Structures are given as structure tokens and as C-alpha cells.
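Scroll down for the structure; my scribbles are underneath it.
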Amino acid sequence: MKQPTRAAQDAEAIAKATQKPGQTKAQTKLIAQGIQQGIELYKKQQKQKSRDADKAKKKQLKAKQQQEDTVQPSAEESMPIKAQSKGMGGWICCILTWGLLLTLYFTNLMQFNF
């Protein structure tokens, strides 16, 4: 014989608890079946709500991740530009320094006329 499910056991317990005097076993059994169907329907609806909530959550996470992915490449593109500008600044500083040193050197040579 088939083992009754948890919903069937709960339904029988509820049906017996609400049983009225003079109610036959057949009537109680029908009430228990109705309660069991209600429990199963409720559980099915809750599972569906849970699945829908999970889908919505995944959809939000996916949208958020796509939004972050679109923001990150623009930040990465700007980084090399900054690195290039720092590199150019260093070269400009170096050239100006050498130019100043050479200018001072040659002006001092002309003053002493060796």
C-alpha cells in the first residue's frame, strides 16, 4: 500500500480536528481530500512564486552586471591616456632640463672665452 504524503497526513489531521458530531468516515475522508488538494495547490503556487522571484533576481543581477561591464571599458580606455600624458610630461621635463643645462653651459663658456 502507498505511504501517505505529508500533505495527506496534514489534511487528515485537520479533517479529524474539524469533524462534526454525526459526520461519517466517508464525509471526513472527502473533506480530507479537499484539504489535501488545497495544500498541494498552495505549495505549487509558492514554488511558482519562488521560481519567479529567482528569475527576477537573476535578471536584475544580469542587468547590473551588463551595466557595470559597459562602465568598465570606458574607465580602462581612459587609463592608457593618463599613462601616456604622464610619459609625455616626463619627456618634456627632460628636454627642457637638458636645454636649460646646455644654454647655461654655452653662456658660461662664452663669458670665460677659453
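Nothing here was measured: the structure is a model prediction, and the numbers come from that model.
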Side chain Gln27, main chain Thr24, donor-acceptor under 3.5 Å | yes
Between the CD atom in Gln9 and the CD1 atom in Ile39, the distance rounded to the nearest 0.5 Å is 10.5 Å
Ile95, Thr97, Leu96 screened by side chain to side chain contact (heavy atoms under 4.5 Å, CB included) with Cys93, the one that passes = Thr97
For the residue pair Gln36 and Thr5, establish whether any side-chain heavy-atom pair is separated by less than 4.5 Å.
-> yes
Show me the side-chain donor-acceptor pairs of residues 50-64 shorter than 3.5 Å, one per line, residues at least two apart or across chains.
from  : atom 1 : to    : atom 2 : distance (Å)
Arg51 : NH2    : Gln48 : OE1    : 2.7
Asp52 : OD1    : Gln48 : NE2    : 3.0

With sequence neighbours excluded, what pairs up with Ala15 under the side-chain contact (heavy atoms from CB on, under 4.5 Å) test?
-> Thr28, Ile31, Ala32, Ile35
Before giving the answer on side chain to side chain donor-acceptor pair (under 3.5 Å), spell out for Gln37 and Gln33 the whole-Å C-alpha distance, their side-chain angles and the decisive distance to 0.1 Å.
-> CA-CA 6 Å; Gln37 289 174 353; Gln33 286 175 350; over 6 Å; no
